[in-house]
Protein chains: 2
Amino acid sequence: MQDTTQKTSFKAQQLKFREDAILDVVNHLLARKGFDLMTMDEVAAEVGIAKASLYKHFASKEVLAAASMTRLIDRALAVVNDLSVELDPLEKLKGLVRWAVTAHLANTMPLLPSTRSSIQQSLTNYPPYMEKVGRLIEAVGTWIEQAQTSGLLSASLPGEVILYTVFARSCDPVADFLKLGGAFSDPEIVEMLVKTCFDGMSQDKSTL
Amino acid sequence: MQDTTQKTSFKAQQLKFREDAILDVVNHLLARKGFDLMTMDEVAAEVGIAKASLYKHFASKEVLAAASMTRLIDRALAVVNDLSVELDPLEKLKGLVRWAVTAHLANTMPLLPSTRSSIQQSLTNYPPYMEKVGRLIEAVGTWIEQAQTSGLLSASLPGEVILYTVFARSCDPVADFLKLGGAFSDPEIVEMLVKTCFDGMSQDKSTL
DNA sequence: GTCTATAAAATGATAGAC
DNA sequence: GTCTATCATTTTATAGAC
């Protein structure tokens, strides 16, 4: 038959579609409860398939989480790419933090940046993930260096510290508490977090 | 017998001693793994007693964690009290953050400030804990107001935001990553976190 | 690949002897 | 109050039919 390849490609498309739907659910659950509290039963139920079917797509809970996290890094890389326009490096960094905090508030940012999480180790042993994280770190690291040499960011602060501080905003509980309080809109919360992150909480000396 | 009360008091002392030992173990486990990953088997093994004995002291895992957390707030209140000397309010706040980050690095700071943690709800339903948290918030809130009115902290930032930001430093993953990197000593990490927390990462405009 | 049914292990909690 | 033994439940993962 002549349409064998077409049929296969259609099937492959359907497969990808289904797996993307699974990863959407996983991403959401990772964001709301974290890896340890997320159960495979829950994932299967929310996707609307049997648990055994889930295991046909992903070999284990850890593999499933790793796939979801890899997709997240892909998205972060896309955001980084979009930000590579005519912005100064400080604005690029702020843009990345805005994206992360916004996603966190929308429950689409998996709760990871914690040395304590039990997936952390299996993730570091998953080369496709680590390779992409490496690319992300390199891109953001470049922005940080540029911002420091051009006097936009404090040059006395080790770049490492700035890098981790930027990434850590994606899981900052301050956003959750402010949202819980109900006094501010999501965009307001995002802007306040960005401000305290980059400018601190002390009185701005330049205005005195 | 005349020494009945003495005997009782001695027994009570022993009981408190044992329960304090249990809470030490729990505090350490909560700091390293969090509530959900901490198991009662583990607690019992590390204390050196049978799991059933553990349940004679504390009715459930949640009660156990609540007791540990209450003791933590007691210690925070003691630190707040020690800081009520001749320091300006900004230095008091920094002192509190220093204590929290130092404890975090020493694995003695339970990983909580997360809306996602599954104990959070049972804690809010435990009046002794909430009462002490209330006192802590009041004391720190007063410092924040003083720092804002005296121009030490940005007055345009809602007090709420400053309060949460200060508390959130106790579980900031930046400290963990920097420690993992091995390039800095614990006190250096503490000072860098305090600096970025209060002064941000942007170039200080007053030096230009 | 999807399902039902079930294994295998971990874990919170309790029974009951001493 | 401490122990051993056990229960009940949850949860990761698989077997095997269709």
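Below, chains carry the letters A, B, ... as their sequence lines are ordered, and counting in each starts from 1. These numbers come from the heavy atoms of this one structure, side chains and all, not from hydrogens, waters or symmetry mates.
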Is there any side-chain hydrogen bond (donor to acceptor under 3.5 Å, both in side chains) pair reaching into residues 172-196 of chain A, and which pairs are they, with sequence neighbours excluded? A/Arg98-A/Glu191, A/His104-A/Asp176, A/Arg169-A/Asp172, A/Asp172-B/Arg169, A/Asp176-B/Arg116, A/Lys179-A/Asp186, A/Ser185-A/Glu188
According to salt bridge (charged side-chain N to carboxylate O under 4.0 Å, His left out), who are the partners of A/Arg71, at least two apart in sequence or on a separate chain? A/Asp20, A/Asp24
Say whether, by atom type as modelled, one donor and one acceptor occur between the side chain of B/Ser53 and the main chain of B/Ile49 under 3.5 angstrom. no
From CZ of B/Phe17 across to C1' of D/dG1 the rounded distance in Å is 17 Å
Partners meeting ring pair (Phe, Tyr, Trp, His ring centres under 6.0 Å) with A/Tyr164 (sequence neighbours left out): B/Phe177
Name all residues meeting the salt bridge (charged side-chain N to carboxylate O under 4.0 Å, His left out) criterion together with B/Glu145; count only those two or more places apart in sequence or in a different chain, and write none if there are none. none
From CG of A/Leu54 across to C1' of C/dG1 the rounded distance in Å is 12 Å
What parts of residues 18-34 of chain B reach DNA chain C, counting only heavy atoms under 4.0 Å away? none
Non-neighbouring partners of A/Lys33 that pass side chain to side chain contact (heavy atoms under 4.5 Å, CB included), sequence neighbours left out: A/Leu29, A/Leu37, A/Glu42
Once each nucleotide of nucleotides 6-18 of chain D is scored for protein heavy atoms under 4.0 Å, what B/S/- sequence comes out, 5' to 3'? -----SBBBB---
At less than 4.0 Å, is any side-chain N or O atom of B/Ser53 found next to OP1 or OP2 of D/dG1? Yes or no. no
Could you pull out all residues at least two apart from B/Ser122 that satisfy side chain to side chain contact (heavy atoms under 4.5 Å, CB included)? B/Glu62, B/Ile119
Residue pairs passing the salt bridge (charged side-chain N to carboxylate O under 4.0 Å, His left out) test with at least one member in residues 118-131 of chain B, sequence neighbours excluded, are B/Glu131-B/Arg135
Not counting sequence neighbours, which residues clear salt bridge (charged side-chain N to carboxylate O under 4.0 Å, His left out) with A/Asp88? List them please. none
Can you name the residues that form a salt bridge (charged side-chain N to carboxylate O under 4.0 Å, His left out) with B/Lys132, not counting sequence neighbours? B/Asp74
Terminal helix-axis angle for the helix from C/dG1-D/dC18 to C/dC18-D/dG1, with five pairs defining each axis and rounding to 10 degrees: 20°
